[in-house]
Number of protein chains: 2
Amino acid sequence: MTEDYRIDNLDKTILTALQADARTPYAELAKRNGVSPGTVHVRIEKMKQAGIITSAQVMVDPKKLGYQVCCFIGINLKTAGDYPDVLKQLQALPEVVEAYYTTGHYSIFTKILTRNIDALHHLLVHQIQSIEQIQSTETLLSLQQPIHRQINP
Amino acid sequence: MTEDYRIDNLDKTILTALQADARTPYAELAKRNGVSPGTVHVRIEKMKQAGIITSAQVMVDPKKLGYQVCCFIGINLKTAGDYPDVLKQLQALPEVVEAYYTTGHYSIFTKILTRNIDALHHLLVHQIQSIEQIQSTETLLSLQQPIHRQINP
DNA sequence: GATGAAAAAATTTGCGG
DNA sequence: CCGCAAATTTTTTCATC
């Protein structure tokens, strides 16, 4: 989290493996790379310190939790300066899983998960479009997500 | 990965903790919930079996790896039927970290990470717009991502 | 910096309630 | 289905190269 650090090849292979499976044993990573588990440990700690590794998260399948609908909502504000205030209100909606401040068509671009279409409708009308600083919204419904991966170190 | 499973309150608190930190010790989760580490283990295995937990991933900060630019590219196809073929070509581009098949403005909606604006320009012109089944694209540049979280179980 | 073995910690298993 | 505790595996440390 502190200093910069330029990763080498060993770091890269370790990182790639951990991006796929955060619980790959250090001994396994060590063997694959012809180094000792101690070295693997040191490298991982350095990448954490450098802020390259931000966290280890268990990933869930939203559908299996009952969140069947995925969509993007592009938002346009009445006034650009209202951005921080609107953001705060979006933050309070747990269905808003991502938000981006963007140039182009929209001021704010969000990714949304809801249990079903009714819930999306309700969220859109009663929680989002009712935010007074919002001028207009546009919804893109996702039918499928064929690509879902992390960047290659 | 096999059968359905309706999660209860204990599963929920375990899952929420692991979404934030996949390496929270089972003993810690057990203490927080007043159960034994063995029980925590059983619950986690069940959620894995049910496909609720899909993986544990180390998350990286793309900027720290030199990927300074994040954007979305909406793609329109000449013919809707070209979708599988175009997808295959997008899959081959590691900068395309997410792709969605969407209704609305675009046929395919992608999230892209590149090292800098020049790299984005190159990717757009020489790798994406040069795919012959693509009719048009629209780029939304992300300046900031103020919300980034997982769905609440 | 890296090693490798020893120490500490966490996970997994299986018996019994 | 849960808890306990033993057995196993993994992580972490540290003296040494």
Side-chain angles (χ1 to χ4, degrees), chain A residues 1-61 63-66 149-153, chain B residues 1-61 63-66 149-153:
Chain A
M1 226 77 104
T2 308
E3 40 177 329
D4 265 29
Y5 174 55
R6 178 155 290 272
I7 67 174
D8 68 6
N9 238 359
L10 174 58
D11 295 313
K12 273 189 202 179
T13 55
I14 292 172
L15 199 47
T16 302
L18 294 178
Q19 281 179 310
D21 181 4
R23 319 207 57 148
T24 315
Y26 292 6
E28 167 69 20
L29 295 171
K31 200 169 57 177
R32 276 189 221 167
N33 291 285
V35 295
S36 74
T39 300
V40 172
H41 180 245
V42 168
R43 296 306 189 99
I44 292 174
E45 284 305 308
K46 276 194 186 170
M47 291 191 281
K48 283 185 193 166
Q49 281 309 308
I52 292 169
I53 292 176
T54 57
S55 63
Q57 297 183 8
V58 154
M59 307 307 281
V60 303
D61 179 346
K63 293 202 177 174
K64 291 281 169 63
L65 287 174
R149 60 188 171 199
Q150 288 199 59
I151 194 68
N152 216 304
Chain B
M1 226 79 101
T2 307
E3 41 178 329
D4 265 30
Y5 175 56
R6 178 155 290 275
I7 66 174
D8 68 6
N9 236 2
L10 174 59
D11 294 312
K12 272 189 202 179
T13 55
I14 291 172
L15 199 47
T16 301
L18 293 178
Q19 281 179 311
D21 181 1
R23 318 207 57 150
T24 316
Y26 292 6
E28 169 68 20
L29 297 171
K31 199 168 59 178
R32 276 189 221 167
N33 291 284
V35 295
S36 76
T39 300
V40 172
H41 178 246
V42 168
R43 296 307 190 96
I44 292 173
E45 283 307 308
K46 278 195 184 171
M47 289 192 281
K48 282 185 192 165
Q49 282 308 307
I52 293 168
I53 292 177
T54 57
S55 63
Q57 297 182 8
V58 154
M59 307 308 280
V60 302
D61 179 346
K63 293 203 178 177
K64 291 279 167 65
L65 287 174
R149 60 188 172 197
Q150 288 198 59
I151 193 69
N152 217 304

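Just so we're on the same page: letters track the sequence lines, and every chain starts at 1. Just the heavy atoms: all of them, side chains too, but no hydrogens, waters or symmetry mates, feed the values below.
Residues Gln57(B) and Asp21(A) have side chains not in contact (no heavy-atom distance under 4.5 Å, counting atoms from C-beta outward). Between Leu10(B) and Thr39(B), the closest side-chain pair of non-hydrogen atoms falls below 4.5 Å. A 4.5 Å side-chain heavy-atom check between Glu45(A) and Ile53(A) finds every atom pair outside the cut-off. Using a 4.5 Å heavy-atom cutoff, the side chains of Thr54(A) and Lys48(A) are not in contact. In this structure, Gln150(B) and Met59(A) have side chains that are in contact, with non-hydrogen atoms separated by less than 4.5 Å.
In the 5' to 3' direction, nucleotides of DNA chain C lying under 4.0 Å from heavy atoms of chain B begin and end at dA10(C) to dT13(C). Between chain A and DNA chain D, the heavy-atom contact criterion of under 4.0 Å yields a 5' to 3' nucleotide range of dT10(D) to dT13(D).
For Asp11(A) and Arg6(A), the salt-bridge test fails: no basic side-chain N is under 4.0 Å from an acidic carboxylate O.
In this structure, the side chain of Gln19(A) engages the main chain of Ile151(A) through a donor-acceptor pair within 3.5 Å. Using modelled atom types, no side-chain atom of Arg43(B) and backbone atom of Gly38(B) make a donor-acceptor pair closer than 3.5 Å. Side-chain N or O atoms of Asn33(B) include none that pairs as donor or acceptor with a backbone N or O of Val35(B) at under 3.5 Å.
Of the residues in residues 25-35 of chain A, those with a non-hydrogen atom less than 4.0 angstrom from any atom of DNA chain D are Pro25(A), Tyr26(A).
Here the CG-CG distance, from Leu15(B) to Leu65(A), works out to 6.0 Å after rounding to the nearest 0.5 Å.
Ranked by how close their nearest DNA chain C nucleotide is to the 5' end, Thr39(A) and Arg23(A) are led by Thr39(A).
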